[in-house]
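Sequence lines set the chain letters: A, B, ... in the order given, protein chains first and strands last, and positions in each chain run from 1.
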Amino acid sequence: MPSSPAPCITASALSLTFATNDGPVHALKDVNLDISKGEFVSFIGPSGCGKTTFLRVIADLERATGGTIVVNGMTPHQAREKRAYGYVFQAPALLPWRTIEKNVALPLEIMGVGAAERTERIARTLALVNLKGFEKKYPWQLSGGMQQRASIARALSFDADLLLMDEPFGALDEIVRDHLNEQLLQLWARTQKTICFVTHSIPEAVYLSTRIVVMSPRPGRVIDVIESDLPRERPLDIRETPEFLRIAHRVREGLRAGHSYDD
Amino acid sequence: MNAILSKWRAGKGTFLLLSGVVACIAAAFATGGADEPGFAGLVGAVFAGLAGGIVGTAASSRRHWPVPAFSLLFDFLLALVLLWLVRSALPGSVGPLPGLPFWFFTVAAWLFAWSVVNRMSVFAAQGWLKSALGLAIPALFGLTVLFLWEAVTRGFGIPFVLLPPPSAIGARFAASIPLLWADFNQTVLKAVLFGFVVGSGAGFLVALLADRYAFLANGLLPIGNLVSALPIIGIAPVMVIWFGFDWQSKAAVVIVMTFFPMLVNALAGLSASGAMERDLMRTYASNHWQALFKLRLPAALPFVFNALKINSTLALIGAIVAEFFGTPIVGMGFRISTEVGRMNLDMVWAEIALAAIVGSLFYGAIALLERAATFWHPSYR
């Protein structure tokens, strides 16, 4: 467990404004946030609150228009060039002409990892997400949950210590989602990675995170940051305990306070 | 009889019953027309065949292998025999036109073949039987069409110049193999293949460049639309003046015709990959060529094959039509234009048949390649 929290991501006065035909849209406004190494941080809020945009700014898929952000001591652009993070999208985004193992190999091929090491890493990461035995299958031969697990394996394969996940389980049914949440926690415990996790599910955010960032839309901003005092070891039925419900309640209060009812 | 009536109500045995009725009428006529050659045997064969067919249909109502499969095979062969028997009852080109019984037999055989095709296409088969059916259905269908064509052209004595019977076209085809080969060699192996490969290849490479450098796409596409709107009969004479009478000028026409379909399709294909997949490549800090070869080109393959299929037919049309505007005395287009002038319509049709066969094989080969290369596409998997 990280006793001396080294900073992984530092955002100060971060803003992002999209120019659209209907005038400027403030996707992010004055966001200040520090994320330490080894943390599991969830971003929660209604759609349009900028949680995905914030993740994309970390990943250098969007450029901030104001403020500063530091990722692993670098600009997001440098961090991306150094392959500092793995990104898991809302959909698996697996390439249908590649088998599961070839999909996991894709980032390794691009980064120039040798064939022998590729084989070893594919085996290791597929084992990590419990997909052993499906190496030769094509993505469209697997269920949605398995596809998303394969995409997580792909994000893990090149061993970046930051994992950015953008509503990865949003399209899955609740039973599969519970199962994957449990597995994700085990994976986090084993790999000691820093995870930024975007979700719109309160139980998911509370169950997974060490810290929950509550955001609100128009303009996208942080309205509450909740430290979770739940133990790191979390069986699924922790969701019935009073501590869990207390944190969930606070998240809900934050979401309610931030929601503008005038529209 | 009850079984047949229930089939009639179900609409399944309609053709069979109809062909039986028509054959009965034909037989009634035929008793008076025994002087026509081969008719007695024909009557016997038709009745034996129809009896077998009806038994087979009754058995196939249970839809269990192997009985219906064998009855279907029997009926298939029977349909072939019937078509052949009725066809061989046709008089020669100088004899008198056939009488009413012949037409009844023709209709009966046609209806029977129709019923067999109908039953084959609803037959639930698996494995090799399925692929065999996939060949047998169009084969019998095509043979029936040829049979009707033959029966109508010869049975009604249609003038040779208007429409020769398929047997005459086939005979001319078989007798002119060396000539057809020379034409095929000149038009297809030289002009079409060269033009197709160079035109499609250049279109593809320019698409890669236009994808990399926006000014090319912006400048080239409007000109491309203009050129692809040019009529082939306009550019063909110009190409003959530029590149001479031989196959090179035809290849040039083919290149002009195939270049832009490939350019436009490949460009569309290169932007076919999803935004999420492209973001994914960005998170790996991949360069332009890595993203191109690992993501965007594979995603563009369905579009590229679409262009290749369009181009396969365009190339053949272009090369044949271009030969109408000056050519050495060989080539499919040259042959068609010359033999039309000499009223040798069977030779014209033989060339048309050759063009159809070549075009289908060309298209089919590309379709097979496409299946192998884009097996992952939702339309195939």
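- Counting only distance, with no hydrogens or angles, the side chain of B:E277 and the backbone of A:A93 share no donor-acceptor pair below 3.5 Å.
- Interface remark: B:A373 contributes no atoms to any contact with chain A (heavy atom separation under 4.5 Å).
- With chain A as the partner, the residue from B:P378, B:A285, B:S273 showing the most heavy-atom pairs under 4.5 Å is B:A285.
- Counting heavy atoms of neighbouring residues, nucleotides and ligands inside a 6.0 Å radius, atom NZ of A:K102 does not exceed 12 of them.
- Sparse packing is recorded around OH of B:Y213, with 12 or fewer heavy atoms of other residues, nucleotides or ligands lying under 6.0 Å away.
- Atom CZ of B:F184 has more than 12 heavy atoms from other residues, nucleotides or ligands within 6.0 Å.
- With a 4.5 angstrom heavy-atom cutoff, B:L295 touches chain A via backbone and side-chain atoms both.
- Taken from OG in B:S286 to CZ in A:R83, the straight-line distance is 8.0 Å, to the nearest 0.5 Å.
- Proximity to chain B (any heavy atom under 4.5 Å) is restricted, for A:L95, to the side chain, taken from C-beta onward.
- Taking 4.5 Å as the limit, some side-chain heavy atom of A:F89 sits within range of a side-chain heavy atom of B:D279.
- A:R80 contributes no side-chain N or O that, together with a main-chain N or O of B:Y284, makes up a donor-acceptor pair within less than 3.5 Å.
- Distance alone, capped at 3.5 Å, places no donor-acceptor pair between the B:R282 side chain and the A:L61 backbone.
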How far apart are the C-alpha atoms of A:Y85 and B:T283, what are their side-chain angles, what is the distance that settles it, and do they pass the side-chain contact (heavy atoms from CB on, under 4.5 Å) test? CA-CA 8 Å; A:Y85 63 85; B:T283 68; 3.6 Å; yes
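- At a 4.5 Å heavy-atom cutoff, the contact between A:A91 and chain B is made by backbone and side-chain atoms alike.
- Per-residue heavy-atom pair counts under 4.5 Å with chain B were compared for A:Q90, A:R56, A:K82, and the maximum is reached by A:R56.
- For chain A, the option among B:M281, B:Q290, B:K294 with the highest count of heavy-atom pairs below 4.5 Å is B:K294.
- Here the shortest heavy-atom pairing between B:W376 and A:P96 reads CB-O, 3.2 Å.
- Within a 6.0 Å sphere centred on CD of A:Q141, other residues, nucleotides and ligands contribute more than 12 heavy atoms.
- In this structure, A:R124 places its CZ atom where more than 12 heavy-atom neighbours from other residues, nucleotides or ligands lie under 6.0 Å away.
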